[in-house]
Amino acid sequence: MLKLIKISFLIIIVLVGGLLFTKYQNTRTTILPLPFYFETPYQQSVEATNAQEADILIIGDRMAKSFMRGFPSIVTQLSKKLKDPLKVYDWSSDKEGIHRTLAKVRALERMPTVIIYLGGTQEFAEKTFEIKDSKRILGNFNSYEDDKKASLIMTAPILSRFLYRSVHYQKLEKSVISRAPIEDSNGSRQVQDVMEVTYKMFHHQWKELLNIVKAKDGKLIAIAPPLNLEVVPKSVCSNSQTQNILIQQNEITKLVQEKRYKDAYKPARELSQIAVANSLSFYLLGKIHLGLGNTLKARQAFYKAGIFDCTLWRGNIIFNKMIVEEAETRGFEVIDFNLLINKNIGKNELFIDKIYPQPLFWERLNDNVYESLKRLLKL
C-alpha cells in the first residue's frame with residue numbers, strides 16, 4: 001500500500017512538472033502580455049541611430065506621413081535664429097500600429113529633444129494576434145492590471161511564463177503584412193472580438209510609450225488624428241441588424257434624402273435606442289441632427305457610428321480619447337486635430353476624401369505644432 005502511494009505521488013509530481021515545463025516552454029517572458037514578437041528588433045538599426053540623433057522625431061502612421069509634407073516650413077521658421085538647422089527624422093510609416101511605434105521608442109538609447117506622435121488610424125491594419133486567443137489575451141491583461149500579480153512579474157519577469165496563459169504568438173516581419181478580411185459566417189462576432197482586444201492592447205502600449213518618454217525626461221507632442229464623421233459606415237455588424245430594423249432604416253433614409261429632418265428625428269432616435277450597436281442607425285441620427293443644426297449631438301452620433309462600423313478600416317473616437325487623456329495625464333503637449341476640424345462640421349467640406357482633411361486644416365495644425373515646438377525648444 002505504501003509503495004502504491006509513493007508511486008502515485010511520483011506520478012503526480014512528474015505530471016505537474018511536465019505541465020509546468022510545457023507552460024514554461026509555450027509562454028514568453030514578458031511584463032506586458034503582448035501576443036506577438038518582432039523577427040527583426042529595431043534596436044541598433046540605422047533608423048534607431050538616426051532617430052535618437054534628431055532634434056525632432058516624427059512617429060505614427062499614414063497621418064504622420066501626410067503631416068510631414070508641410071513640416072519643412074515649420075523647421076525653417078524655427079531654425080531662423082539657430083546656428084545650425086534643427087535635425088528632423090521621420091520614422092513614421094503607412095499601416096503602422098502602436099505596437100511598431102512602441103517598439104521603435106523602446107529601441108532608442110536616448111530621447112530626441114522632442115517627439116511628435118500622430119497615429120491611431122490604422123490599428124487594425126496588421127494581424128498581431130489570433131482571434132481564437134481573444135479571451136486568453138484579455139485574461140492576461142487582467143492579470144497585468146492586478147497590482148499583486150504585476151508586482152511579482154516586474155520583480156521577476158520569468159514568473160510571467162506561469163502567471164500568463166500561453167497564446168499563439170505572432171511573428172511580425174520587418175514590413176507590415178496586412179490583416180486578411182474577416183468574412184466567415186461568424187464574422188461580426190469576430191470583428192467585435194478584434195475591436196475589444198485591439199482597444200485593450202492599444203491602451204496599454206500607448207501608456208507604456210508615454211511612460212518610457214517620461215522616464216527619460218523626454219518631450220512629446222501627441223496629436224489626436226482627424227476622423228471624417230460624414231463618411232457612411234462601410235458595414236453593419238449582422239448581430240445588430242434585423243429585417244425590421246432594415247425596413248425602418250430605409251424609411252428614415254428616404255426622409256433624410258427629402259430633408260424632412262423633423263419627421264425623421266423621432267423614429268431615428270427610437271431606432272438608435274433599440275439597435276444599440278448598429279452603425280447605420282447612429283449615422284442616420286447624426287445626419288438628422290446635422291440637418292436640424294445641432295452639431296454637438298451630430299458629432300456624438302457620428303462618433304458612435306464610427307465605433308460600431310463592422311469593417312476594420314480606420315480609427316475612431318475611442319483611440320482618440322485614449323491618446324488625449326493618457327498624454328494629458330502625464331503632462332505632455334496635446335493637439336486635438338480632430339476637434340480642430342470637426343467643430344466646423346456642417347459648415348463646409350472638411351475632408352478631401354474619406355481620410356484626409358482639407359489643406360486649410362493642415363495649415364492650422366502646422367500653426368499649433370509650431371507654437372508647441374517653439375515653447376518646448378525654448379526658441
Side-chain angles (χ1 to χ4, degrees), residues 28-68 71 86-129 137 144 153-154 157 160 167-179 197-198 200-223 225 315 319 322-323 326-327 330 332:
R28 296 175 66 84
T29 299
T30 179
I31 293 176
L32 197 61
L34 299 172
F36 59 82
Y37 63 96
F38 290 93
E39 182 184 37
T40 306
Y42 288 99
Q43 280 81 356
Q44 298 180 344
S45 64
V46 174
E47 293 87 352
T49 300
N50 291 335
Q52 61 196 19
E53 290 178 354
D55 296 306
I56 302 171
L57 173 64
I58 312 294
I59 53 175
D61 58 26
R62 60 187 170 193
M63 281 297 165
K65 299 303 293 184
S66 190
F67 167 69
M68 273 303 298
F71 196 65
L86 293 167
K87 293 180 181 178
V88 179
Y89 188 69
D90 175 18
W91 208 5
S92 63
S93 181
D94 184 35
K95 298 181 181 179
E96 177 164 304
I98 190 66
H99 56 288
R100 288 187 178 271
T101 308
L102 172 59
K104 290 176 178 179
V105 172
R106 278 177 169 165
L108 301 175
E109 292 181 6
R110 70 176 184 83
M111 287 290 121
T113 309
V114 180
I115 295 175
I116 299 176
Y117 171 79
L118 177 49
T121 74
Q122 294 180 291
E123 296 306 315
F124 301 114
E126 184 174 17
K127 180 180 176 181
T128 55
F129 62 93
I137 295 167
Y144 176 75
I153 292 169
M154 288 178 187
S160 64
V167 297
H168 298 82
Y169 294 97
Q170 304 298 297
K171 182 173 72 172
L172 304 185
E173 310 289 339
K174 187 171 184 180
S175 300
V176 174
I177 297 176
S178 297
R179 178 193 298 275
V197 174
T198 302
K200 178 69 75 173
M201 288 171 56
F202 181 92
H203 192 198
H204 281 288
Q205 289 178 101
W206 175 235
K207 288 198 296 184
E208 179 76 2
L209 186 155
L210 295 173
N211 289 339
I212 290 171
V213 177
K214 193 76 175 177
K216 294 185 177 181
D217 296 320
K219 299 174 183 177
L220 180 140
I221 301 172
I223 304 174
F319 293 113
M322 287 189 279
I323 290 169
E326 294 298 340
R330 289 160 182 77
F332 289 117

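Starting from 1, each residue takes its place in the sequence as its number.
Without hydrogens or angle criteria, K216 side chain to L108 main chain gives a donor-acceptor distance under 3.5 Å. Side chain of K104 to backbone of I59: no donor-acceptor contact under 3.5 angstrom is found. Here the side chain of W206 pairs a donor or acceptor atom with the backbone of M322 at under 3.5 angstrom. Of the possible donor and acceptor atoms, none in the side chain of D61 sits under 3.5 Å from a partner among the backbone N and O of G97. Between the side chain of T29 and the backbone N or O of P157, no donor-acceptor pair lies under 3.5 Å.
Looking at S45 and T40, their side chains never come closer than 4.5 Å, going by heavy atoms from C-beta outward. Put simply, the side chain of V213 does not reach to within 4.5 Å of the side chain of R330, judged on heavy atoms. Using a 4.5 Å cut-off on side-chain heavy atoms (C-beta onward), M154 and I31 make contact. Contact of the W91 side chain with the L57 side chain is registered, since non-hydrogen atoms from C-beta on lie closer than 4.5 Å. Counting heavy atoms from C-beta outward, I116 and F71 have side chains that approach closer than 4.5 Å. The closest side-chain heavy-atom distance from F67 to I58 is below 4.5 Å.
By the 6.0 Å contact criterion, NZ on K87 is open, its count of non-hydrogen atoms from other residues, nucleotides or ligands being 12 or less. Environment of CD in E109: sparse, with no more than 12 heavy atoms of neighbouring residues, nucleotides or ligands closer than 6.0 Å.
Atom OG1 of T128 and atom CE of M201 lie 4.0 Å apart (nearest 0.5 Å). In this structure, F332 CZ and I323 CD1 are separated by 14.0 Å, a value rounded to the nearest 0.5 Å. Note: D94 CG to S175 OG = 11.5 Å, rounded to the nearest 0.5 Å. Of the inter-residue distances, the one linking I212 atom CD1 with K207 atom NZ reads 13.5 Å to the nearest 0.5 angstrom. The CG atom of L86 sits 5.0 Å away from atom CG of D55, with the distance rounded to the nearest 0.5 Å. If you take CZ on F202 and CD1 on I98, they are separated by 5.0 Å, rounding to the nearest 0.5 Å.
Here the shortest heavy-atom pairing between P112 and A51 reads CG-O, 3.3 Å. Heavy atoms only, all atoms of each residue included: L210 and A327 are closest at CD1-N, 3.6 Å. For the pair M63 and P225, the tightest heavy-atom approach, listed with the atom from each and the gap, is CG-CB, 4.3 Å. Closest non-hydrogen pair, R100 versus K174, comes out as NH1-O, 3.3 Å.
With sequence neighbours left out, the ring-ring contact (aromatic ring centres under 6.0 Å, His included) criterion links H203 to no other residue.
Here the options are E126, Q122, K95, K127, the test is side chain to side chain donor-acceptor pair (under 3.5 Å), and the partner is S178; only K95 passes.
Relative orientation of the F38 and F36 rings is perpendicular, given thresholds of 30° and 60° on the angle between their planes.
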E96/V176 under side chain to side chain contact (heavy atoms under 4.5 Å, CB included): CA gap, chis, key distance, verdict
CA-CA 7 Å; E96 177 164 304; V176 174; 5.6 Å; no

Residue pair V197, F129: steps toward the side chain to side chain contact (heavy atoms under 4.5 Å, CB included) verdict
CA-CA 9 Å; V197 174; F129 62 93; 3.6 Å; yes

When you look at T198 and F124, which way does the side chain to side chain contact (heavy atoms under 4.5 Å, CB included) test go after all the steps?
CA-CA 8 Å; T198 302; F124 301 114; 3.7 Å; yes

Quick one: do E47 and Y42 satisfy side chain to side chain contact (heavy atoms under 4.5 Å, CB included)? Show the steps, please.
CA-CA 8 Å; E47 293 87 352; Y42 288 99; over 6 Å; no

